[in-house]
Amino acid sequence: MIETAAGFRRACAGIRAAGAGLGLVPTMGALHAGHLSLVERAVSECERVAITVFVNPLQFGPDEGLAEYPRDRDRDLRIAREAGADLLFVPPERQMYPGGEPAVTVDPGPLGRRLEGASRPGHFAGVLTVVEKLFGLAGECRAYFGQKDAQQVRLVRQMVDDLNSPVRVVGCPTVREPDGLALSSRNRRLSRPERAAAVCLSRGLFAARAMGARGERDAARLAGAVAGAVRAEPLARLDYAAVVDEETWEEPGELTGPSRALVASWLGRTRLIDNVVLPWAEGADRPPGRAE
Ligand code: AMP
């Protein structure tokens, strides 16, 4: 286990100096099977794997439960080792932000202010700043992120492209409970009735996916199916349901290519998000000039 930024930088440099490829799995801890799927993928593709566990204060709004975020370092350490991680970076806050809140942060751009960014002002600036700091310490590597947070993956990719970080971003599929609920560290805060109700997010997304498979191309109808499933659940309070083009992340009137349905909803005091890819038939027409 490494607790200092300098120690983590040295350890990652040592791995590369030995000629090994490095996989990086950034997390906020409270590890579950979703996190472990990223570690397994990293272990299968990289010779050495580092997991970072850091609850990043910069990405939490004032009322977003930073203090209540689940923390269980000993359990995380054990699980990470069992999953095959070689390095565990668990920095205290003063190692990541020695001078307190940083004066220079990453601006996530226009997409960072829409959807999750509209509901959580400043969230993606906080995420990208800490991810860029981790990339700066780790150096050249493959970094694994979950598509459960699809907008985050998209913004990290954009950052890597725009800022020339020496990192290959790998997006990994969402791991779900048997009833469809996406695994999340926040699920443990749900009461029993809220947990039962929380399945309305994936129910709505799966309904939209089925409509997409039947050829529905009207984005408002697809997003409406997601919203309808959440609104039908008395314990849920919808934040947003949206359909975006997978390439541009714009919200189209009609789908013109692979797309994603997204949802955010409150269950009591817990805010959950989820998304699915909407199927797009092979060979379906795309308007001219668009990349495949
Ligand atoms: P977090 O600890 O919530 O910041 O998540 C750390 C990483 O795990 C992020 O890349 C998440 O997208 C990913 N992750 C969280 N939940 C899941 C899940 N259910 N399936 C796959 N990846 C996930």
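A quick note: this is a predicted structure, and the numbers were derived from the prediction, not measured. Just follow the structure's listing: the first ligand is 1, and inside any ligand the first atom is 1. Computed over heavy atoms, backbone and side chain alike; hydrogens, waters and symmetry mates excluded.
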- request: Run the numbers for me: atoms of ligand 1, each under 4.0 Å from some heavy atom of Pro26, listed by number.
  value: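 Numbered from 1, ligand 1 contributes 6 (C), 7 (C).
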
field: Atoms of ligand 1, numbered as shown, that sit under 4.0 Å from any heavy atom of Phe145
entry: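 Taking each heavy atom of Phe145 in turn, ligand 1 has 10 (O) under 4.0 Å.
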
task: For atom 17 (C) of ligand 1, state which one of Arg176, His32, Glu177, Arg41 supplies the nearest heavy atom.
output: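 Of the listed residues, His32 has the closest heavy atom.
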
Considering heavy atoms of the protein only, find what lies nearest to [atom] and give residue, atom and distance to 0.1 Å.
atom: atom 12 (O) of ligand 1; result: Asp149 OD2, 2.6 Å
atom: atom 10 (O) of ligand 1; result: Gly146 N, 2.9 Å
atom: atom 4 (O) of ligand 1; result: Met28 CG, 3.6 Å
atom: atom 20 (N) of ligand 1; result: Val175 N, 2.9 Å
atom: atom 21 (C) of ligand 1; result: Pro173 O, 3.5 Å

- request: May I ask you to check if ligand 1 and His35 share an N or O to N or O distance below 3.5 Å?
  value: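 Yes.
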
- prompt: Going by distance only, is there an N or O of Leu183 that falls short of 3.5 Å from an N or O of ligand 1?
  reply: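 Yes - when backbone and side-chain N and O of Leu183 are compared with those of ligand 1, one distance drops under 3.5 Å.
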
Is any side-chain N of the basic residue among [X] and [Y] closer than 4.0 Å to the acidic one's carboxylate O?
X: Asp107; Y: Arg113; value: yes
X: Glu64; Y: Arg120; value: yes
X: Arg269; Y: Glu194; value: no
X: Glu254; Y: Arg217; value: no
X: Glu251; Y: Arg114; value: yes

query: Counting heavy atoms only, which part of Leu38 comes closer than 4.0 Å to ligand 1: side chain, backbone, both or neither?
result: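 Side chain only.
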
task: May I ask you to identify, for Ser184, whether its side chain, its backbone, both or neither come under 4.0 Å of ligand 1 on a heavy-atom basis?
output: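 Near ligand 1, Ser184 shows nothing, with every heavy atom at 4.0 Å or more.
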
Roughly how far apart are [X] [atom1] and [Y] [atom2], rounded to 0.5 Å?
X: Arg81; Y: Leu88; atom1: CZ; atom2: CG; result: 6.0 Å
X: Arg209; Y: Ser259; atom1: CZ; atom2: OG; result: 14.0 Å
X: Leu235; Y: Cys200; atom1: CG; atom2: SG; result: 9.0 Å

message: Less than 4.0 Å is my threshold; does some heavy atom of Gln147 fall inside it relative to ligand 1?
response: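 Contact check Gln147 vs ligand 1: negative.
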
query: Hey, is Ala30 one of the residues with a heavy atom under 4.0 angstrom from ligand 1?
result: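 The answer is no: ligand 1 sits nowhere under 4.0 Å from a heavy atom of Ala30.
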
task: For the residue pair Glu177 and Leu183, establish whether any side-chain heavy-atom pair is separated by less than 4.5 Å.
output: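 The answer is yes, as the side chains (C-beta and beyond) meet within the 4.5 Å cut-off.
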
